[in-house]
> 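Questions regarding the structure given below will be posed in turn.
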Amino acid sequence: MRDDDFSDQYIVNRQEILINQAVSYFLSEDRAMMDTAVYLLKLIPGNDAVADNVRKFVNFKKYFIKYRLNQLSDPQEIQYAKEAELYVLGSSDENRAAIYAEMRKYYQHVPFEQVDSLLNLMDDDNPKKWYLKGILWSNRPEESLLTEDNSQEELSDAEMMDLLRTDPEKYYAILDEQDKQDAQAAQYADVADTPDYMAYFQHSFDIEPKFMRFYRHEANISDKLRKEHPFLTKDIPLYRKKAMLLMQASNRRKAQNNAPAQDENE
C-alpha cells in the first residue's frame, strides 16, 4: 500500500514468517540453528504454545523413525520422540489416520478397520484421503470391498421350492436379490483383477495430479506389488471404474448402517 506522502508501506504476516523461518532452523542438524529456531518462535508475543507445538511436529519428523529403529541412544532425544509421537497422534483425526496408514508397520496393533474408518472421516475431495487409502489397502491386495458387498445365503432348489409354497413373498425377494447380484457381478467382471488400492491411488491422482509423483517413490508399495500390478496408462479407465464402484459400495454400506433398526414386534 502507499501512504499519503507517497512512501511505500508493506504489511506482512510477521508471525507466519517467524514460524516458517523457525521450522527451517529446526530442520537443521546444527544445535546452534535449533537454538535460533527457539529464539525466533519466542519473538511471537504470547505464543509459547505455538513454539512448543511446532517443535513437537519437527521432533516427530526428526526423531520418530530413528526411535522406532532403536537408533537413538541419547535419553533426551528418546524423550523428544515419545512426546512428539503422543502430541502428533492426538493433534487431529487426519494426522492420526495419516500416520497409521503411512507408518503401518509401526502400528500393527491398530486394527485395519479402525485406520480405514479414520480415513473415511476425511473429505471426499481431499486427495490425501484416497492416497492414504491406497497405501492402507496395499497391505491387503488380495481383498476387495466389492466382494464383501455380494453376500446372501444360498438355498438349494428343493429349499427354494419349499419356500415358494410356504412364503412366496420371501421366495420372490430372494430371486430379485439374485438378479441384482448377477447384474452386479457382470458389472464387476472387467475390474475383478484390479486391486482396490490402485483404484484409490488413481482417484487421488485425478483430484491432484502431483500425487502421482509421490506414488512413484512410495516406499510402502513393495517391488513385489509393483511387479504384480504395475501402474499402466492403458488401465486408467479400469482404475477409475473400480474407484467409482468402491465408492458406491461404501455409500450402500453407510446407508445400511444408518438405517433405523426394525422393531421385532412389527
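Positions are given from 1, in the same order as the sequence printed here. Since the structure is predicted, the reported quantities are computational estimates derived from the model, not experimental observations.
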> Under the side-chain contact (heavy atoms from CB on, under 4.5 Å) rule, what do Q202 and F231 come out as? Steps first, then yes or no, please.
CA-CA 9 Å; Q202 181 60 52; F231 181 87; 3.2 Å; yes
> Is it the case that more than 12 heavy atoms not belonging to E169 sit under 6.0 Å from its CD atom?
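Check fails, neighbour count at 12 or below.
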> Out of curiosity, E228 CD to K224 NZ, how far, rounded to the nearest 0.5 Å?
3.5 Å
> Distance check, rounded to the nearest 0.5 Å: Y215 atom OH versus S138 atom OG?
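So the OH of Y215 and the OG of S138 are separated by 9.0 Å.
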> Do the rings of Y67 and F64 sit parallel, tilted or perpendicular, given the 30° and 60° boundaries?
tilted
> What closest approach, in Å, do V115 and A101 show between heavy atoms, and which atom pair accounts for it?
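Minimum heavy-atom contact is CG1-N, 4.1 Å.
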> Give a yes or no on whether a salt bridge exists between K61 and E102, defined as a side-chain N under 4.0 angstrom from a carboxylate O.
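The answer is no: the pair does not qualify as a salt bridge.
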> Say whether, by atom type as modelled, one donor and one acceptor occur between the side chain of S250 and the main chain of L246 under 3.5 angstrom.
no
> If we only count heavy atoms from C-beta on, is the E83 to N59 side-chain gap below 4.5 Å?
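Side-chain contact under 4.5 Å: no.
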> On the 0 to 90° scale, with breaks at 30° and 60°, tag the Y200-W130 ring pair as parallel, tilted or perpendicular.
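Because their plane-to-plane angle is under 30°, the rings of Y200 and W130 count as parallel.
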> If the test is side-chain hydrogen bond (donor to acceptor under 3.5 Å, both in side chains), which one of N120, D124, D123 qualifies with K129?
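The option that passes is D124.
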> Show, in sequence, the C-alpha distance, side-chain angles and deciding distance for M122 and K133, and conclude whether the side-chain contact (heavy atoms from CB on, under 4.5 Å) test is met.
CA-CA 11 Å; M122 297 169 68; K133 282 180 76 73; over 6 Å; no
> Distance from R213 atom CZ to K210 atom NZ, nearest 0.5 Å?
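Separation between the atoms: 7.0 Å.
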> For E77 and K82, run salt bridge (Lys or Arg N to Asp or Glu O under 4.0 Å): C-alpha distance rounded to whole Å, both residues' side-chain angles, the deciding distance at 0.1 Å, then the answer.
CA-CA 9 Å; E77 291 181 344; K82 291 179 178 179; over 6 Å; no
> Nearest 0.5 Å please: distance from the CZ atom of R96 over to the CG atom of L119.
11.0 Å
> Looking at every non-hydrogen atom in both residues, tell me the closest pair between V191 and L238 and how far apart they are.
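Reported closest heavy-atom pair: CG1-O, 3.7 Å.
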> Do the ring centers of Y131 and F211 come within less than 6.0 Å of each other?
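Yes - the distance between ring centres of Y131 and F211 falls below the 6.0 Å cut-off.
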> Can a donor-acceptor pair be found, under 3.5 Å and without considering hydrogens, that links the side chain of R226 to the backbone of I221?
yes
> Aromatic ring centroids of F201 and W137 under 6.0 Å?
no
> Going through the checks in order, is the side-chain contact (heavy atoms from CB on, under 4.5 Å) test met by S204 and K128?
CA-CA 7 Å; S204 172; K128 188 189 299 183; over 6 Å; no
> Hey, any chance L86 and I78 share a hydrophobic cluster, counting ILVMFWY side chains that come within less than 4.5 Å of each other, even indirectly?
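Looking at the clustering, I78 is in a separate group from L86.
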> Please list, chain by chain and in numerical order, all residues satisfying salt bridge (charged side-chain N to carboxylate O under 4.0 Å, His left out) with K227, sequence neighbours excluded.
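Partners of K227 under the salt bridge (charged side-chain N to carboxylate O under 4.0 Å, His left out) test: none.
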> Are N95 and L89 close enough, and set up right, to give a side-chain contact (heavy atoms from CB on, under 4.5 Å), and what steps lead you there?
CA-CA 6 Å; N95 284 337; L89 287 176; over 6 Å; no
> Between R104 (side chain only) and Y107 (backbone N and O only), is there a donor and an acceptor less than 3.5 Å apart?
yes
> Going by heavy atoms in the side chains, are L136 and F112 under 4.5 Å from each other?
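Answer yes - side chains close enough.
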> Quick one: salt bridge (charged side-chain N to carboxylate O under 4.0 Å, His left out) partners of E218, sequence neighbours excluded?
none
> List for me each residue that meets side-chain contact (heavy atoms from CB on, under 4.5 Å) alongside L232, sequence neighbours excluded, and say none if there are none.
P230, K234, D235, Y239
> Identify the heavy atoms of A84 and K56 that sit nearest to each other, and give their distance.
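For A84 and K56, the tightest heavy-atom pair comes out as CB-O, 3.2 Å.
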> At their closest point, which heavy atom of F57 faces which heavy atom of S91, and how far apart are they?
CZ-OG, 3.9 Å
> For the residue pair L69 and K66, establish whether any side-chain heavy-atom pair is separated by less than 4.5 Å.
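L69 vs K66: side chains apart.
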> Quick check: closest heavy atoms across D190 and K241, and the distance to 0.1 Å?
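Looking at all heavy atoms of both residues, the closest pair is OD1-NZ, 3.0 Å.
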> CE of M198 to CD1 of I236: how many Å apart, nearest 0.5 Å?
9.0 Å
> Using the rule given for ring-ring contact (aromatic ring centres under 6.0 Å, His included), can you reason through F60 versus Y87, listing the C-alpha separation, both sets of side-chain angles and the distance that settles it, and then say yes or no?
CA-CA 9 Å; F60 182 83; Y87 174 75; 9.9 Å; no
> Taking all heavy atoms of D193 and all of H229, pick out the closest pair and write down the distance.
O-CE1, 3.7 Å
> Taking N251 for its side chain and M247 for its backbone only, find out whether a donor-acceptor pair lies under 3.5 Å.
yes
> Roughly how far, to the nearest 0.5 Å, is CG of D93 from OG of S117?
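Reported value, rounded in 0.5 Å steps: 11.0 Å.
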> Test E94 against every option in L118, L132, N126 by the side-chain contact (heavy atoms from CB on, under 4.5 Å) rule and name the one that passes.
N126
